[in-house]
Amino acid sequence: MGLFLDFNPFDNLLCILVGISFTVWFTLLLVFIIVPAIFGVSFGVRRLYMNTLLKIFEWATRRIERGAKDKNHLLYKPYSNAIIAKEPTSLEEEIKQIRRSGSNRDLDAASEFEMSDIFYFCRRGVESIMDDEVTKRFSAEELESWNLLTRSNYNFQHISLRLTVLWGLGLLIRYCFLLPLRVTLAFTGVSLLVVLTSIIGFLPNGRMKNFLSEQVHLMCYRICVRALTAIITYHDSENKPKNGGICVANHTSPIDVIILASDGCYAMVGQIHGGLMGVVQRSMVKACPHIWFDRSEVKDRHLVAKRLSDHVEDKTKLPILIFPEGTCINNTSVMMFKKGSFEIGSTVYPVAIKYDPRFGDAFWNSSQFGMVSYLLRMMSSWAIVCSVWYLPPMSRQEGEDAVQFANRVKAAIARQGGLVDLLWDGGLKRGKVKDTFKEEQQKLYSKMLVGTQEDRSRS
């Protein structure tokens, strides 16, 4: 009995076409994206792409405003219901003002406590509920115009057939062209980082190993930047962090690391992870002295401080990159800096990062999105556009403690990036307000009452 083999020429033709398609795809990526990324060369295509998007957004916004006017729709205005901000005043001044408006008696002759004082605390509570300056920093920043990614007002769905068609076309471009392209670039960048740093790890310590490690890190991070279609503008490069220093920056997203590391090499600080992230960490530390901590070591502040101090004392090692906020904020403000990295006594190089939310929301809301879904949102957005400012180095002044130094650095970053400088702890993202904050308000009120009584007894 003979052996019969089915032969289908269409299957062979399909395999040939698929092979040709992949060959052309990777050739184009290699020639026009990967190789320029390796040498840090840009053809200006991303800038042209960004300017084109801006013109499309402006046209879409005009169409929305015109359609809303024709259909008598209310335009969506972010924070339209927010309480109008007023000049900050002290607790004592505001309570005195309430007492004057509610009584004709002389304030000095008033009793130690008046029922009208309750209205101050009630008003502050209502203001906090209506316009909480802390919790709104943990959600996506509102946009004044539509960026063809999401609809801030569902009344705009059927205003214009052209807008609906444009949104559908953008959806196809982002998910059928940009997403596969970016996934391919991200896979290439991460794979090269793991393989090349593992190979460099076998070299003996010395200048050659350090040089190759820095070039490999720069090359791989620049490829990853292309995977996000990141358009970054760096300012004041003469202030870039130097070896033996500590670079501190405001924190919005895990991609902050890629944004900064594509323009310079840093020693990373973080907790040891498992899975793919653990593989990347183990390969990176073979080529460069990054500082990774076990879960049990992270809570040991003295051990962390010692590891950091030992690193910065060696002026041949790369500057340490730290995000003192300890959590991601939505890039509208800078919250309290943890004082640990400011106790070491090394030179601090502040860096301000400001993202443009019109092209894509870089903020990672970890309570709402996992890492995989977040990266999918990043790679399916239009682009990541941001500005990076390298501020002049700062050192701890005489008589200044670590908290005061941290606040001074934080204020400089907020001022340069156009961000709101807040004293609140970013840990409120997952925890409750500490009792010390409540006790502080109680102490201020009691101090005011006791001070009034003492002044009256002296007179």
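- In this structure, N239 and P392 approach most closely via the heavy-atom pair ND2-N, 3.6 Å.
- Evaluated for a side chain to side chain contact (heavy atoms under 4.5 Å, CB included) with M268, the options L321, I322, V285 yield exactly one hit, L321.
- If you take CD1 on I246 and OG on S346, they are separated by 4.5 Å, rounding to the nearest 0.5 Å.
- Side-chain contact check for N330 and Y355: no donor-acceptor pair (N or O, by modelled atom type) lies under 3.5 Å.
- H290 and H217 have tilted rings, their planes meeting at an angle from 30° to 60° on a 0 to 90° scale.
- Atoms CZ and CG, from R415 and L391 in turn, are 8.5 Å apart once rounded to the nearest 0.5 Å.
- Between the CE atom in M378 and the CZ atom in F363 there is a gap of 10.5 Å [rounded to 0.5 Å].
- Within 6.0 Å of atom NZ in K315, more than 12 heavy atoms from other residues, nucleotides or ligands are found, so the atom counts as buried in its surroundings.
- A donor-acceptor pair under 3.5 Å is formed between the side chain of E325 and the backbone N or O of M335.
- Distance check: N210 CG to C288 SG gives 8.0 Å after rounding to the nearest 0.5 Å.
- Both tests pass for R377 against the ring of F369: distance under 6.0 Å to the centre and angle within 45° of the axis.
- Looking at heavy atoms from C-beta onward, F359 lies in side-chain contact with L53 at the 4.5 angstrom threshold.
- Contact annotation: the side chain of V334 never approaches that of V420 to less than 4.5 Å [non-hydrogen atoms, C-beta and beyond].
- Checking side-chain atoms of D401 against main-chain N and O of Q404 turns up a donor-acceptor pair under 3.5 Å.
- Between L422 atom CG and S333 atom OG the span is 4.5 Å, to the nearest 0.5 Å.
- The two residues R408 and S395 have their closest heavy-atom pair at NH2-O, 2.8 Å.
- Looking only at distances, a side-chain donor or acceptor of D256 sits under 3.5 Å from a matching main-chain atom of T252.
- Atom CD of E398 sits in a sparse spot, with 12 or fewer heavy atoms from other residues, nucleotides or ligands closer than 6.0 Å.
- Side-chain contact, T229 with R182: a donor N or O sits under 3.5 Å from an acceptor N or O.
- Between the side chain of R174 and the backbone N or O of S380 there is at least one donor-acceptor pair closer than 3.5 Å.
- Nearest heavy-atom pair across A406 and F337 is O-CD2, 3.8 Å.
- Remark: R396 does not engage E343 in a salt bridge, criterion side-chain N to carboxylate O under 4.0 Å.
- When all heavy atoms are compared, the tightest approach of L185 to I223 is O-CG2, 3.5 Å.
- Taking 4.5 Å as the limit, some side-chain heavy atom of L218 sits within range of a side-chain heavy atom of C265.
- Between L260 and A249, the closest heavy-atom pair is CD1-CB, 4.2 Å.
- Judged by distance alone, the side chain of S213 and the main-chain N or O of K209 form no donor-acceptor pair under 3.5 Å.
- When every heavy atom of A227 is checked against every heavy atom of A186, the shortest pair comes out as CB-N, 3.6 Å.
- Without hydrogens or angle criteria, N51 side chain to R46 main chain gives no donor-acceptor distance under 3.5 Å.
- A donor-acceptor contact under 3.5 angstrom links the side chains of Y374 and S253, judged on distance only.
- Relative orientation of the H235 and W389 rings is parallel, given thresholds of 30° and 60° on the angle between their planes.
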What verdict does the side-chain contact (heavy atoms from CB on, under 4.5 Å) test give for V248 and V351, after you've listed the backbone C-alpha separation in whole Å, the side-chain angles of each residue and the deciding distance to 0.1 Å?
CA-CA 6 Å; V248 298; V351 175; over 6 Å; no

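- Taking NZ from K55 and CD from E58, the interatomic distance works out to 8.5 Å, rounded to the nearest 0.5 Å.
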Kindly indicate, with the supporting measurements, whether the criterion side-chain contact (heavy atoms from CB on, under 4.5 Å) is fulfilled by H311 and I291.
CA-CA 9 Å; H311 184 98; I291 305 174; 3.9 Å; yes

| said: Run the salt bridge (charged side-chain N to carboxylate O under 4.0 Å, His left out) test on D421 and K410 for me, step by step, so that the C-alpha distance in whole Å, both residues' side-chain angles and the decisive distance to 0.1 Å come before the verdict. | reply: CA-CA 7 Å; D421 185 4; K410 177 168 68 74; 2.3 Å; yes

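- Within a 6.0 Å sphere centred on CE of M371, heavy atoms belonging to other residues, nucleotides or ligands number more than 12.
- Under 3.5 Å, the side chains of T233 and R47 contain a donor-acceptor pair of N or O atoms.
- When atom types are taken as modelled, the side chain of S373 and the backbone of G370 share a donor-acceptor pair closer than 3.5 angstrom.
- Inter-residue side-chain proximity for T347 and K242 is flagged as unmet; no heavy-atom pair is nearer than 4.5 Å.
- Within the 4.5 Å cutoff, no side-chain heavy atoms of T332 are placed close to those of L419.
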Before giving the answer on side-chain contact (heavy atoms from CB on, under 4.5 Å), spell out for K306 and L308 the whole-Å C-alpha distance, their side-chain angles and the decisive distance to 0.1 Å. CA-CA 5 Å; K306 186 178 185 307; L308 296 179; over 6 Å; no

ask   = Passes side-chain contact (heavy atoms from CB on, under 4.5 Å), V190 versus C220? Steps please.
value = CA-CA 7 Å; V190 174; C220 295; over 6 Å; no

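- Relative ring orientation between Y234 and Y390 is described as parallel, the plane-to-plane angle staying below 30° on a 0-90° scale split at 30° and 60°.
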Handout entry: Derivation of the salt bridge (charged side-chain N to carboxylate O under 4.0 Å, His left out) call for K240 and D263
Key = CA-CA 9 Å; K240 288 175 62 174; D263 191 47; 3.7 Å; yes

